[in-house]
Student: 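The structure is given below, and queries will be raised subsequently.
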Amino acid sequence: MSTTDSQTLKSLLDAGTAVISDVSDNLGLPPQSLDTSLFGLETPARSFAGPAYTIAGESHIWKDGSGDRKKLAAIDEMTPGVVPVWAGSDIKGVCCFGDLLSEAMKARGCAGVVVDGGVRDMAYLREMGLPMMVRYRTPSQAIGRWHVTEVQNTIKVRGAVQDWVSINPGDMVVADDDGVVVIPQDMVDEFVQKALAWADKDQNARQDIKEGALLLDTLDKYGHL
């Protein structure tokens, strides 16, 4: 999963999440866009793309204060270029990770991180150079409250158009200042081709509009606005 063609990644990033979402609609598929509360740690959000490395967890109370060994093992197994997607499930008020585990993901070459849950050490995370899209921030740790239950299985994260979006290991994750979308692994090539054509149409339509074209005429010419 770490060997995704660099041109594929560039094409998807150049097209952007909005175009990718439109391509989904054009194919008759509900856009696999993630929850609108996700935000980038930097402003504007840094774009990133890569195959999903999936992690899921659940709230769980334990008393001994020991660390979450399954969580640490999951990060140890990450490979360059992946996008860890953390499914917090019923997580509430605590972080999936903070500065130390973020440094570990950066050291393993992750392209970016998506967190359907919380993070902490925000000031440090903003400066460390690993782009992230997260749902909330919190000072409270997960130890004793939430733990990882699954790694590299199908997960569900909160969606924008749908309540939940299923993500499989290796599905393509694309993030930018508009949000996060997911492309099924077996449809990436098709999405790249259609996204490039769609973005080209948008660019031509934009130029026509700048030059004073009427919107209805532009719609008839390009088929969408």
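Keep in mind the model is a prediction, meaning the values are calculated, not measured. This chain uses plain numbering: 1 for the first residue, then up along the sequence. What's counted below: heavy atoms across the whole structure, side chains too, no hydrogens, waters or symmetry copies.
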Student: So, the side chain of D35 versus the backbone of A160: is there a donor-acceptor pair under 3.5 Å, distance only?
Tutor: no
Student: Between R206 and I209, is any pair of side-chain heavy atoms under 4.5 Å apart?
Tutor: no
Student: So which atom in C95 and which in T138 form the shortest heavy-atom distance, rounded to 0.1 Å?
Tutor: N-CG2, 3.5 Å
Student: I need the minimum non-hydrogen distance between S102 and L130, along with the two atoms involved.
Tutor: O-CD2, 3.7 Å
Student: Tell me whether R120 is salt-bridged to D99, with the criterion being a basic N under 4.0 Å from an acidic carboxylate O.
Tutor: no
Student: A quick test of your reading: do over 12 heavy atoms of other residues, nucleotides or ligands sit less than 6.0 Å from NZ of K92?
Tutor: no
Student: So, taking the atom named CD in E103 and the one named CG in L125, what distance separates them when rounded to the nearest 0.5 Å?
Tutor: 8.5 Å
Student: Under 4.5 Å between side-chain heavy atoms, counting indirect links through other Ile/Leu/Val/Met/Phe/Trp/Tyr residues: same cluster for I143 and Y136 or not?
Tutor: no
Student: Where do A56 and I155 come nearest, in terms of heavy atoms and distance?
Tutor: CB-CG2, 3.7 Å
Student: Once you round to the nearest 0.5 Å, how far does CD1 of I55 lie from CD of E150?
Tutor: 11.5 Å
Student: How close do T54 and P169 get, counting heavy atoms only, and between which atoms?
Tutor: OG1-CG, 3.6 Å
Student: Does the side chain of E77 pick up a donor-acceptor pair with the side chain of Y53 at under 3.5 Å?
Tutor: no
Student: Say you draw a straight line from CG of L100 to CD1 of I75; how long is it, rounded to the nearest 0.5 Å?
Tutor: 10.0 Å
Student: Could you tell me the separation between the CZ atom of R135 and the SG atom of C96, rounded to the nearest 0.5 Å?
Tutor: 8.5 Å
Student: Is the side chain of D176 donor-acceptor paired with the backbone N or O of T17 at a distance under 3.5 Å, no angle test?
Tutor: yes
Student: Which value, rounded to the nearest 0.5 Å, describes the distance between D186 atom CG and M172 atom CE?
Tutor: 12.0 Å
Student: Do V85 and W146 belong to the same hydrophobic cluster, where Ile, Leu, Val, Met, Phe, Trp and Tyr are linked whenever their side-chain heavy atoms lie under 4.5 Å apart, directly or via other members?
Tutor: no
Student: L27 and I183: same hydrophobic cluster, using ILVMFWY side-chain contacts below 4.5 Å?
Tutor: yes
Student: Using 0.5 Å steps for rounding, measure from the CG atom of D14 to the CG atom of L196.
Tutor: 8.0 Å
Student: Which of parallel (below 30°), tilted (30 to 60°) and perpendicular (above 60°) describes H60 and H147?
Tutor: parallel
Student: Has the side chain of W86 got a donor or acceptor atom that lies under 3.5 Å from a matching backbone atom of G117?
Tutor: no
Student: Where the side chain of N168 meets the backbone of Q185, is there a donor-acceptor pair that is under 3.5 Å apart?
Tutor: no
Student: Look at the side chain of Q32 and the backbone N and O of P30, then say whether any donor-acceptor pair between them is shorter than 3.5 Å.
Tutor: yes
Student: With the side chain counted from C-beta on, respond yes when V114 and F48 share a heavy-atom pair under 4.5 Å apart, and no when they do not.
Tutor: yes
Student: Can you name the nearest heavy-atom pair linking A111 to P131, along with the distance?
Tutor: O-CG, 3.5 Å
Student: Count the heavy atoms of every other residue, nucleotide or ligand shown that sit under 6.0 Å from CG of D163, and state whether that count exceeds 12.
Tutor: no
Student: Determine whether a donor-acceptor pair (N or O, by modelled atom type, separation under 3.5 Å) exists between the side chain of S24 and the backbone of L29.
Tutor: no
Student: Please check if the number of heavy atoms outside K194 that lie under 6.0 Å from its NZ is greater than 12.
Tutor: no
Student: Passes side-chain contact (heavy atoms from CB on, under 4.5 Å), F39 versus M133? Steps please.
Tutor: CA-CA 5 Å; F39 65 94; M133 298 289 287; 5.7 Å; no
Student: Do you know which two heavy atoms are closest between A52 and V173, and how far apart they sit?
Tutor: CB-CG2, 3.7 Å
Student: Where the side chain of R137 meets the backbone of D121, is there a donor-acceptor pair that is under 3.5 Å apart?
Tutor: no
Student: Following the transitive rule for hydrophobic clusters with a side-chain heavy-atom cut-off under 4.5 Å over Ile, Leu, Val, Met, Phe, Trp and Tyr, establish whether L101 and V82 coincide in one cluster.
Tutor: yes
Student: Can you check whether A45's main-chain N or O pairs, donor with acceptor, with D177's side chain at less than 3.5 Å?
Tutor: yes
Student: Kindly indicate, with the supporting measurements, whether the criterion side-chain contact (heavy atoms from CB on, under 4.5 Å) is fulfilled by R108 and D76.
Tutor: CA-CA 8 Å; R108 279 148 188 77; D76 284 344; 3.1 Å; yes
Student: Is R46 reaching over with its side chain to a backbone N or O of G129, donor-acceptor style, under 3.5 angstrom?
Tutor: yes
Student: Does L72 reach the side chain of D68, with side-chain heavy atoms less than 4.5 Å apart?
Tutor: no
Student: Pick out which of D116, V181, V157 makes a side-chain contact (heavy atoms from CB on, under 4.5 Å) with L34.
Tutor: V157
Student: For residues V115 and Y124: do they belong to one hydrophobic cluster (side chain heavy atoms under 4.5 Å, members Ile, Leu, Val, Met, Phe, Trp, Tyr)?
Tutor: yes
